[in-house]
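Each remark here refers to the structure printed beneath this line.
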There are 2 protein chains.
Amino acid sequence: MTDAMPSPLTVGQVAEQFAVTVRTLHHYDDLGLLTPSERTRGGYRSYSRADLDRLSTIVVYRRLGFSLEQIAALLAGPDDLIEHLHRQRANVTSQLGQLRALVTAIDNALEAAMSKRPATRAELQELFGDGFDEAHEREAEERWGDTPAWTQTRSRTASYTPADWTAIRAEADAVHAAFVAAYQSGAAADSPAAREAARAHRAHLHERFYDVDAQLHRGLGEMYVADPRFAATYDALAPGLAVYVRDAINAHADHQGE
Amino acid sequence: MTDAMPSPLTVGQVAEQFAVTVRTLHHYDDLGLLTPSERTRGGYRSYSRADLDRLSTIVVYRRLGFSLEQIAALLAGPDDLIEHLHRQRANVTSQLGQLRALVTAIDNALEAAMSKRPATRAELQELFGDGFDEAHEREAEERWGDTPAWTQTRSRTASYTPADWTAIRAEADAVHAAFVAAYQSGAAADSPAAREAARAHRAHLHERFYDVDAQLHRGLGEMYVADPRFAATYDALAPGLAVYVRDAINAHADHQGE
DNA sequence: GCTTGACCCTCACGCCACGTCAGGGGCCAA
DNA sequence: TTGGCCCCTGACGTGGCGTGAGGGTCAAGC
C-alpha cells in the first residue's frame, strides 16, 4: 500500500503493480514494445522508473482498445493521438452497432422459439433456482408489500411471458458478468467499466421491475452489503463483489449528479 | 437467380450460394462440422441437399454469434436451443456493456486531449474535406435556409467544439461503416443489421443536427438516391449503397410503425 | 485425343495477444 | 548446502479462417 519500492524492479513486481501477467511483460519485450533498460548479471529483467512510465502509458492505451502495433506507433512517432482516438471511437461504435443488431437477431430467434403464455411458477423456479421459491416471495411481500416499488413490480411482472423471464434472467446474468469483469480486471469501483455496469444494473431494474432513481439505487447498493443473503449472492460470484457493487453504484450516482 | 441447380454441388458453387468462402467449407470439413456426404472419383467434395440444409443451419447459428464448437453441440445433441440462446444473449449483452464503457473512456481521453473553444472553419474543412467548403454551405443555405431543420442545425452547430465535431465525424464514419458492413455481408435491406444501421443513422442526425421523424427520414433516404451528389458519396463507399441505404431506412421506418 | 483454363485437392504457415507448460538456472535465508 | 521462490528461454495452443504453394481434375473446344 506504499510506493516505497526500490526503483529497479523485477518482472514479478512490475506485473503485480500494474495488474498484468509476467508473460505479458515478456511478450512486450519480445515485440520490442517495452524492453527493460537493464539486466542483472543473472539475466533478470530490471525495470527502471522510465520503463514503468512507459508501461503505464501502454496499459492506458490498451484499456482504450488500441492494438500493440498502434501503441508502438503512438509511442514512437509524434503522431496525432486525437486522430487515433477518433478512429478508435469509430471502430468501437461500429462494433457496438453490430452487437446491437446481434441482440435483436437473438431476440427474434428467441421469440420464434418460445411460446407466449404467461410463465408458470415452475418455470420461474427453474430459471432463477433457489432464489425464487414461495418462502422467498412471501418474505418479500412482508418486507416490501406496502411500498410503491413492490406494487409496481406485482403489476408489471404478472403479464410477463416465459420469453420475458428468460430474457430478464439473461440480462441479470449479463449485469453480474459486467460487474465481475470490471472487478477482476482490477478496475476501480469508480472506473468507467464499473460505472457502466452500475448503469446497466439500474436500467435493468428500472425497465423490468420498478422505477429506480439515483436515491433508491444507492439504497439498494447499501442493502446488498448489509443484508447477508444479498451479500452472499454477490460474493459467491467473486469475493468482495458486494462492496464493489455498492461502491460502483455510488460512483455512478455521483457521476450522474454532476 | 434461379434455384435450378443440380443437387450435388461442388465447393465453389456451395460457397457462392451461401456467401461463404471455399476455405470456410474446407475448415468445416476438417472439423467434422460439415462433411460432404460424397466425393467424386477425382476427390472433389460433393454436397447433397441434406448437406446444404445442415450448412444453412450452421450459417444461421454463426450469424447469431455461436462458436463452431457450440454449433456442433447444438447440431449433435437434443440440447436446449433456447438455453443456448439465453447464454448467448447474456454474453453479447455483457460485451455491449464493455464496449459502451470503452466509448466512455475514449470520450474522456478525447475531452482531456482537446481544447473546448468552438471549431474554426479551417478545422471543419480539415475534418470533412471537400464536402465542407463555403460554396457548399451557401448552396445549402439557399436550398434549405427557410426550413425549421436548417434553423435548428444552425443554432445547434454554432456551439460545437472541435471535440464535438471530431466525435460527429467519428459517428458518421461508424454509421457508414455499419451500412457497408451490412451491405457487403449480403444481409437484406430489411435485415436486423441494416435496420440497426438505419436506426443509428437517424439517431445520429437527430442528436447532432435536427429533429428527424420517420417521415423526414424516409425523405432523406429518397434524396440520397435522387440527388447525384449524395448518391455518389454513398456509392463511392460501395457501389449500390445509396439504394441500399434508402431501402434500409424505409425498412426501419416500417418496422417502427408496426 | 489433346490442349486450355477454370476449378479442385492437400498441406502448412500466418494472424493477435498472450496462456500454459517444460526444462533449467539464480537468489537469498537458515 | 539445502530448500523454496523467483527468474530465464523456448515452444506450442487458442479461433476461425486467409493466403499462398504445388499439383491434380474436369469440361469444352479444336
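It should be emphasised that the depicted structure is a prediction, and the values quoted were computed from it without experimental measurement. Just so we're on the same page: letters track the sequence lines, and every chain starts at 1.
Inter-residue side-chain proximity for A/His26 and A/Arg23 is flagged as met; some heavy-atom pair is nearer than 4.5 Å. The shortest distance between side-chain heavy atoms of A/His86 and B/Arg169 does not fall below 4.5 Å.
Along DNA chain C, the nucleotide nearest A/Gly42 and the nucleotide nearest B/Asp29 are compared for position; the residue whose nucleotide lies closer to the 5' end is B/Asp29. The residue among B/Phe66 and B/Thr40 whose nearest nucleotide of DNA chain D is located toward the 5' end is B/Phe66. DNA chain C is contacted by both A/Glu69 and B/Gly43; B/Gly43 maps to the nucleotide lying nearer its 5′ end (nearest heavy atom per residue).
Under the 30°/60° scheme for interplanar angles, the aromatic rings of A/Tyr234 and A/His176 are found to stand perpendicular.
Here the range on DNA chain D touched by chain A, meaning any atom under 4.0 Å from one of its heavy atoms, is D/dC6 to D/dA11. Reading DNA chain C from its 5' end, the first and the last nucleotide to sit under 4.0 Å from a heavy atom of chain A are C/dA17 to C/dC27.
Among all heavy-atom pairs drawn from A/Ala90 and B/Ala174, the shortest one is O-CB, 3.7 Å.
A/Gln88 contributes a side-chain N or O that, together with a main-chain N or O of A/Leu64, makes up a donor-acceptor pair within less than 3.5 Å. No side-chain donor-acceptor contact under 3.5 Å links A/Arg195 to the backbone of A/His252.
The distance from the CG atom of B/Leu85 to the CG atom of A/Leu110 is 4.5 Å, given to the nearest 0.5 Å.
Counting non-hydrogen atoms under 4.0 angstrom, B/Arg45 reaches the backbone sugars and phosphates but no base. If you check every strand for non-hydrogen atoms under 4.0 Å, A/Val11 touches sugar and phosphate atoms only. Residue contacts shown for B/Leu68 are limited to sugar-phosphate atoms, with no base heavy atom under 4.0 Å away.
Here the rule is side chain to side chain contact (heavy atoms under 4.5 Å, CB included) with A/Tyr47, and of A/Thr35, A/Thr10, A/Leu25 only A/Leu25 fits it.
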Give every donor-acceptor pair under 3.5 Å between a side-chain atom in residues 236-249 of chain B and any protein atom, sequence neighbours left out.
unit_1, atom_1, unit_2, atom_2, d
B/Tyr244, OH, B/Ala187, O, 2.8
B/Tyr244, OH, B/Ala188, O, 3.4

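Bending across the helix from C/dG1-D/dC30 to C/dA30-D/dT1, expressed as the angle between its end axes from five pairs apiece, amounts to 30° (10° rounding).
In this structure B/Ser191 satisfies the side chain to side chain donor-acceptor pair (under 3.5 Å) test with no other residue, sequence neighbours excluded.
Within the structure, every pair that satisfies the side chain to side chain donor-acceptor pair (under 3.5 Å) test and touches residues 50-65 of chain A, not counting sequence neighbours, is listed here: A/Ser37-A/Asp51, A/Ser48-A/Asp51.
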